[in-house]
There are 2 protein chains.
Amino acid sequence: MSITIKDVAKKTGVSITTVSQILNGKGQRFSEKTREKVWSAAEELNYKANYFAQNMVTKQTQTIGVIIPDITNTFYSDMIKGIEDYLYENGFMVLLCNSTDNEERENLYLNQLVHRSVDGFIIASSTISDEMIFDLLKKNDKPYILLDRKREEHESDNIIVDDTEGGYVATEHLITLGHRNIGVITSSSSDVNVHNRFVGYKKCMEDYGLLMKEEWIMRETLSMSGGYEAAKKLLQADVSAIFATSDQLAIGVYRAASEVGVCIPEQLSLIGYDDIELASYMSPPLTTIHQPIYEIGKLAAETLIHRIMNPEEAAKNHLVKTRLVVRSSTKVL
Amino acid sequence: MSITIKDVAKKTGVSITTVSQILNGKGQRFSEKTREKVWSAAEELNYKANYFAQNMVTKQTQTIGVIIPDITNTFYSDMIKGIEDYLYENGFMVLLCNSTDNEERENLYLNQLVHRSVDGFIIASSTISDEMIFDLLKKNDKPYILLDRKREEHESDNIIVDDTEGGYVATEHLITLGHRNIGVITSSSSDVNVHNRFVGYKKCMEDYGLLMKEEWIMRETLSMSGGYEAAKKLLQADVSAIFATSDQLAIGVYRAASEVGVCIPEQLSLIGYDDIELASYMSPPLTTIHQPIYEIGKLAAETLIHRIMNPEEAAKNHLVKTRLVVRSSTKVL
DNA sequence: TTGTAAGCGTTATCAC
DNA sequence: GTGATAACGCTTACAA
């Protein structure tokens with residue numbers, strides 16, 4: 001079988017206690033000589049403490065569970081990348097849970113993660129229920145971060161993106177360009193963040209005293225095809241501009257517009273939200289609201305690890321800024 | 001603390017052996033009555049065998065390690081989705097390793113996965129060395145699947161995509177349309193699959209007796225920006241068509257073309273490879289070689305789990321077909 | 001039909 | 001300075 005602590009002990013001629021202590025940096029009390037002997041023996045044998053035996057007593061797994069709705073959406077894969085990069089640097093690994101927005105699957109995964117006693121959770125899901133989070137995590141003092149979902153009432157650390165503000169700025173940009181009939185595509189699900197962008201739109205339209213016709217407001221699944229379907233309808237309505245509350249949706253709009261021969265931005269101004277890498281590669285390049293997705297992932301991981309290391313510290317809120325990135329898909333009316 | 005097997009035993013009034021046997025489906029020898037008692041007690045207490053204690057003796061983790069170069073590339077995220085969907089159905093979870101094409105990181109991850117004794121590996125990486133795979137996996141009889149890298153000499157199960165054929169078909173399509181000066185963008189790294197597509201290109205060009213100028217052949221990193229850089233140069237050369245060996249690369253070509261005012265497909269025919277979802281959303285929609293990425297991921301997971309369950313069976317090769325999808329980015333010269 | 005006891009590989013406590 | 005030994009929670013020969 002593989003090398004155990006016994007082998008190292010035998011080879012060095014000391015007890016396993018000694019080996020364990022020294023290898024875990026708790027061996028100040030041993031002589032310099034013994035310490036050296038143990039270290040070199042361990043190295044020579046290429047000894048690695050058995051992961052499971054170790055965890056059985058320490059209860060630590062150096063693992064973070066990440067639950068997201070759709071890995072295929074570059075929004076989430078960018079986020080995961082940020083998470084993973086930070087965790088890698090800090091010796092943690094991620095157990096990936098792609099819930100496909102399926103509540104049952106989400107619950108199952110959450111239970112699995114608890115069962116496998118991951119050290120912390122990053123959850124970017126709007127469908128997961130508060131009860132679930134309370135029962136499984138809060139109650140048992142498991143560190144977690146909720147992303148892509150703003151809930152002031154949660155007493156955990158929060159990464160907050162001011163989506164209402166972002167939605168406002170996007171809408172205002174179109175208004176400034178002279179647009180009055182502005183359509184919007186938002187999420188049909190209970191996605192809090194995306195919903196807030198829509199709230200920002202409404203607020204802005206109201207502030208400027210503009211009309212919002214019911215047929216200008218589309219609710220769809222957050223995907224390219226969702227955006228495509230919504231845009232097909234919007235292009236029948238009398239809108240001169242569209243605010244797509246995610247870049248994925250915006251991509252669908254490009255397709256719908258090109259199919260019916262509507263030119264962006266000449267005949268239709270389009271603004272997205274997220275600023276995924278692809279945005280600047282569309283033709284014309286997409287005007288959008290930038291949010292630092294990769295950094296958000298990184299920040300989430302960082303905050304979580306900090307919480308794990310310092311369980312007693314008070315929860316902190318991190319505010320993330322968005323900004324308007326003007327490219328070529330919007331134009332004065 | 002949490003519920004252990006002892007609690008269940010105590011509550012039922014039997015020994016822990018009895019409980020363990022029954023709960024693991026090895027309790028035929030016990031009376032129907034005892035079995036029922038144990039089951040209901042376990043349910044009532046919501047008992048779950050401790051993951052680590054269990055693994056310490058069974059050595060099984062119900063976990064698959066997946067190493068990929070870039071989760072941000074929808075090619076890989078699609079693949080992961082396929083993998084994950086299958087594993088979810090079968091009670092496995094995935095430990096995600098995003099190597100960012102960094103060899104050191106890859107090796108570290110591979111070691112970590114071995115250390116955490118995952119039940120199997122899916123590795124989609126061209127930079128990982130054969131020695132590494134041999135030393136860590138082959139030698140220790142760890143089941144693994146190599147993806148996105150064809151190596152006949154490997155004695156593991158193989159998922160083979162005939163990329164040479166695909167590259168040939170792509171090139172032939174352009175030739176059939178009347179193109180003679182055909183540029184190609186391929187990978188600058190040692191990516192075997194992508195390289196084979198390039199091989200297919202060369203083969204086809206030779207078969208048709210066409211010239212291949214050195215300046216028509218671009219080697220770049222497999223990303224949108226890579227495609228963009230390559231296309232900027234190619235557009236200076238006298239090519240009427242470009243074969244981008246991945247859709248990611250092709251997206252970069254769209255941008256470069258639009259920047260210098262070259263119209264696709266009127267002035268430039270473009271064909272990609274992969275058929276990611278986005279391909280049909282580009283304008284004009286991208287002609288490309290379809291390979292069923294999601295299914296490949298699923299098949300890989302399926303094959304791996306089968307191997308884990310049947311370690312003695314002979315290795316199998318699975319051949320995956322590609323097909324040409326003609327959309328609107330290519331046109332007769 | 002059921003239970004005893006050994007063993008998995010660690011870490012942690014405490015005695016020497 | 002060092003090392004027995006218990007404990008973690010489970011599975012599995014082997015007894016009874």
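So you know, we letter chains A, B, ... as the sequences are listed, proteins then strands, and number each from 1.
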Practice problem: Look at the rings of His115(B) and Tyr51(A) and say which category their plane angle falls in: under 30° parallel, 30 to 60° tilted, over 60° perpendicular. | Solution: perpendicular

Exercise. Find which nucleotide of DNA chain D each of Arg29(B) and Met56(B) is nearest to by heavy atoms, and output the residue with the more 5' nucleotide.
Key: Met56(B)

Exercise. Starting from P on dA7(D), measure out to CZ on Phe52(A) and report it in whole angstrom.
Key: 25 Å

Quiz prompt | OP1 or OP2 of dA12(C) under 4.0 Å from side-chain N/O of Lys26(A) | solution = yes

Quiz item: Does Ser20(B) put a side-chain nitrogen or oxygen below 4.0 Å from OP1 or OP2 of dT11(D)?
Solution: yes

Quiz item: Atom NZ of Lys10(B) and atom C1' of dG3(C): how far apart are they, to the nearest Å?
Solution: 16 Å

Quiz prompt | Rounded interatomic separation in angstrom, taking CD from Gln60(A) and P from dT10(C) | solution = 17 Å

Quiz item: dG3(C) C1' sits how many Å from Ile5(B) CD1, rounded?
Solution: 13 Å

Quiz prompt | Interatomic distance, Ile16(A) CD1 vs dT11(C) C1' [rounded to whole Å] | solution = 9 Å

Quiz item: How many Å lie between CG on Asn50(B) and P on dT10(C), as a whole number?
Solution: 17 Å

Quiz item: Just checking, is any N or O donor in the side chain of Thr74(A) or Ser77(A) under 3.5 Å from an acceptor N or O on the other one?
Solution: no

Practice problem: Could you check Asn24(A) against Gln21(B) and say which one's nearest nucleotide on DNA chain C is further toward the 5' end? | Solution: Gln21(B)

Quiz prompt | Nearest-angstrom distance from the residue atom CG of Leu23(A) to P of dT11(C) | solution = 8 Å

Practice problem: With the side chain of Thr18(A) defined as its heavy atoms from C-beta on, choose the nearest nucleotide among dT2(C), dG9(D), dT2(D). | Solution: dT2(D)

Exercise. For Gln54(A) and for Thr17(B), find the nucleotide of DNA chain C with the closest heavy atom, then tell me which residue's nucleotide is more 5'.
Key: Thr17(B)

Exercise. Assess whether one donor atom and one acceptor atom, taken from the side chain of Thr34(B) and the base of dT1(C), lie less than 3.5 Å apart.
Key: no

Quiz item: Taking atom CD of Gln21(B) and atom CG of Asn24(B), what is their separation to the nearest 0.5 Å?
Solution: 7.5 Å

Quiz item: Counting side-chain heavy atoms from CB outward, which of dT10(C), dG3(C), dC10(D) is closest to Tyr47(A)?
Solution: dT10(C)

Quiz item: When all nucleic acid strands are considered with a 4.0 Å heavy-atom cut-off, which category describes Lys48(A): base, sugar-phosphate, or nothing?
Solution: sugar-phosphate

Quiz prompt | Separation of atom CG in Asn55(A) from atom P in dG9(D), rounded to whole Å | solution = 13 Å

Practice problem: Look at the side-chain N and O atoms of Ser31(B) and state whether any lies under 4.0 Å from the OP1 or OP2 oxygen of dT2(C). | Solution: yes

Quiz prompt | Residue from Thr63(B), Leu304(B), Ile305(B), Thr61(B) passing side-chain contact (heavy atoms from CB on, under 4.5 Å) with Phe92(B) | solution = Ile305(B)

Quiz item: Can any side-chain N or O of Ser20(B) pair as donor or acceptor with the backbone N or O of Ile16(B) at less than 3.5 Å?
Solution: no

